[in-house]
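Accompanying notes for the structure given below.
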Protein chains: 2
Amino acid sequence: MAIKGTQTRRKLGKKTVSELVVVRLILYRRILRDLAFSGTRYVFSHQLAASADVTPEQLRRDLMNVRYEGSPTRGYEVVVLEERIGAFLDPPTTQAVALVGVGNLGRALFAYFLGRRPLLQIVAAFDIDPAKVDRLLNGCPSYHISEARTVMRDKGIYVAMIAVPAAAAQSVADTLVEAGVRSLLNFADVRLRLPPDVYVEHIDIGITLEKVAFFARRPAATKVPGSP
Amino acid sequence: MAIKGTQTRRKLGKKTVSELVVVRLILYRRILRDLAFSGTRYVFSHQLAASADVTPEQLRRDLMNVRYEGSPTRGYEVVVLEERIGAFLDPPTTQAVALVGVGNLGRALFAYFLGRRPLLQIVAAFDIDPAKVDRLLNGCPSYHISEARTVMRDKGIYVAMIAVPAAAAQSVADTLVEAGVRSLLNFADVRLRLPPDVYVEHIDIGITLEKVAFFARRPAATKVPGSP
DNA sequence: ACGAAGCTGTGAAACATGTAACAGCGTTTT
DNA sequence: AAAACGCTGTTACATGTTTCACAGCTTCGT
Ligand SMILES: NC(=O)c1ccc[n+]([C@@H]2O[C@H](COP(=O)([O-])OP(=O)(O)OC[C@H]3O[C@@H](n4cnc5c(N)ncnc54)[C@H](O)[C@@H]3O)[C@@H](O)[C@H]2O)c1
Ligand SMILES: NC(=O)c1ccc[n+]([C@@H]2O[C@H](COP(=O)([O-])OP(=O)(O)OC[C@H]3O[C@@H](n4cnc5c(N)ncnc54)[C@H](O)[C@@H]3O)[C@@H](O)[C@H]2O)c1
């Protein structure tokens, strides 16, 4: 329940699905979208697995969570599988997302999430800086953080991203949770402490870069395939 | 070898360390820095563990990788432990990092990595847009991507971050690897396919937000402590 | 029509990771 | 001075995740 080795699961029907499976399903779906777009009709597990950088066995196992069976001869029908994964992953309706902190990172995130993901839209921004509040950013209204409760309630927002300075992150998170947010994506480099029924994901770019740098100096740590 | 459930390890002396351990050590060190800064001299495993949102057992176990033993009565001496983790994690010398793609995200990353991490510095930026090339960004020179090989060699760069559009990411990655980069942090939403001796970490914000949204709608999936 | 080929789905084994339990040891208490 | 305490390091156990291995289809070639 910490840094995401083993963690939250969500019950679905009878079974329970781990975060890792969810992430991979999301990835598969994205690849399927691209395939569909490029006109591919059928795909085999080993092809899809290669694109996702996963073994075919794992892909097939992950797909067991979805109600769809491929044909041994044709493989999976791209659009059908995509649709099936969607049925598993997608919300019944569009989900509204809030973004808190309209600084360097916040603005980049705005730009990024603009057109895509019709089911997941940033519908409100928050900041504390008077200069950034009560305007329209890419067509999305920005509010002072003190209005969180009202806005969340009015717009039915349960998901938020936090992109404020580390020092402010915990207090912002508390405010958001009080305002009804149930699930958070935090970019500030502090570990948030929140009630256990709130889902929190940390994207800690600083730590990740340190990690990448660390593994850059390894004496070739990857598996060597047997040669005989 | 895939989405980071089970993965790369780095040999160190006799033992081998998993990515998850490395990430947690980095986190512990950051917390120790803050503690040292605030004047704390000693810390117990349960305190440090709480800040890192980890169990004390796990913390102690992680620390087994570092050559330092705490006192049962005082706990760990903050500055010593910090130093010891540093000895484990840090490069012998400052590590140079390149940033490829100076768009919305690239600029935000620049701002973020400016003052911090003296051991890890962005010393070169690359782009393909003539308007963004051959200038100074926050005191850091930017080059056309075609100069990658020369610049990497001259500056001894082995670590790079990729923040270019998805369509360009694979080709940029190939170029970088050819130019000598050994370890990559990729923000574009494509899974890079690279030789196995290159370390690649993906930060896929789109997928992560989808995941967070998914778990926002769970019927309270967290563990319930026994009640009798 | 039959066998070979090549894929899927899945039970069972192997592996990695996290959790619990405990032995040892300074410090404080009585 | 001895016993009790509370914390550390480590070993043993439990859980979660991936890999292996194989049975069952469906087509294709002969
Ligand atoms: N910029 C990056 O690439 C990057 C990378 C990794 C992590 N981060 C983290 O993301 C966070 C934001 O980074 P940034 O570069 O955008 O910083 P920034 O200073 O550019 O922006 C921070 C924004 O948050 C607002 N803010 C401050 N206190 C607030 C509060 N209490 N409530 C609401 N809004 C508040 C500020 O007004 C500002 O607009 C930081 O924690 C940083 O560590 C940023
Ligand atoms: N902006 C975000 O918050 C965000 C979030 C998640 C992921 N991403 C991903 O990060 C990447 C960059 O996002 P962005 O918003 O900064 O995009 P952007 O369009 O603002 O910037 C992309 C930059 O890359 C440069 N570029 C294009 N092709 C190149 C090449 N072959 N070599 C070198 N440079 C090249 C462009 O000139 C531009 O400066 C995208 O893949 C995006 O999906 C961005």
Checklist entry - Do B/Ile85 and B/Tyr28 touch side chain to side chain, with heavy atoms closer than 4.5 Å? => result yes
Item to check | Rounded distance (Å) that lies between atom P of D/dC7 and atom CG of B/Leu63 | outcome: 16 Å
Item to check | Check: A/Glu19/A/Tyr199 side-chain N/O donor and acceptor closer than 3.5 Å | outcome: yes
Checklist entry - Within this structure, what is the CG-to-P distance between B/Asn65 and D/dT8, rounded to whole angstrom? => result 17 Å
Next on the checklist: What is the separation between atom NE2 on A/His46 and atom C1' on C/dG6, rounded to the nearest whole Å?
Outcome noted: 9 Å
Checklist entry - What pairs of residues pass the salt bridge (charged side-chain N to carboxylate O under 4.0 Å, His left out) test when at least one of them lies in residues 71-97 of chain B, not counting sequence neighbours? => result B/Arg29-B/Asp90, B/Arg33-B/Glu82
Next on the checklist: Does a side-chain N or O of A/Arg24 approach OP1 or OP2 of D/dT18 to a distance below 4.0 Å, or not?
Outcome noted: yes
Next on the checklist: In the structure I gave you, are the side-chain heavy atoms of B/Leu176 and B/Met152 within less than 4.5 Å of one another anywhere?
Outcome noted: yes
Mind listing the N/O atom pairs, protein and nucleotides 24-30 of chain C, below 3.5 Å?
unit_1: C/dT27; atom_1: OP1; unit_2: B/Arg74; atom_2: NH2; d: 3.4

Item to check | Presence of salt bridge, A/Arg116 and B/Asp189, under 4.0 angstrom | outcome: yes
Next on the checklist: Check this for me, if you would: do A/Asp62 and A/Arg24 make a salt bridge, where the nitrogen-to-carboxylate-oxygen distance has to be below 4.0 angstrom?
Outcome noted: yes
Next on the checklist: What is the separation between atom CD on A/Gln58 and atom P on D/dT17, rounded to the nearest whole Å?
Outcome noted: 11 Å
Item to check | Between A/Tyr112 and B/Asn104: side-chain donor-acceptor atoms closer than 3.5 Å | outcome: no
Checklist entry - In whole Å, what is the span from the CG atom of B/Leu20 to the P atom of D/dT18? => result 12 Å
Next on the checklist: Base, sugar-phosphate or nothing for A/Tyr42? Non-hydrogen atoms, less than 4.0 Å.
Outcome noted: nothing
Next on the checklist: Can you measure A/Leu48 atom CG to C/dC7 atom C1' for me and round it to whole angstrom units?
Outcome noted: 14 Å
Item to check | Note, B/Leu119 side chain near B/Thr93 side chain (heavy atom, < 4.5 Å) | outcome: no
Item to check | Whole-Å distance separating the CD atom of A/Gln47 from the P atom of C/dT8 | outcome: 9 Å
Name the pairs: protein N/O against N/O of nucleotides 10-12 of chain C, kept only if under 3.5 Å.
unit_1: C/dG11; atom_1: N7; unit_2: A/Arg61; atom_2: NH2; d: 3.1
unit_1: C/dG11; atom_1: O6; unit_2: A/Arg61; atom_2: NH2; d: 2.5
unit_1: C/dA12; atom_1: N6; unit_2: A/Arg61; atom_2: NH2; d: 3.3

Checklist outcome for this item: From CZ of B/Arg84 across to P of D/dG9 the rounded distance in Å is 13 Å
Checklist entry - Do B/Gln170 and B/Asp174 have a side chain donor and acceptor closer than 3.5 Å? => result yes
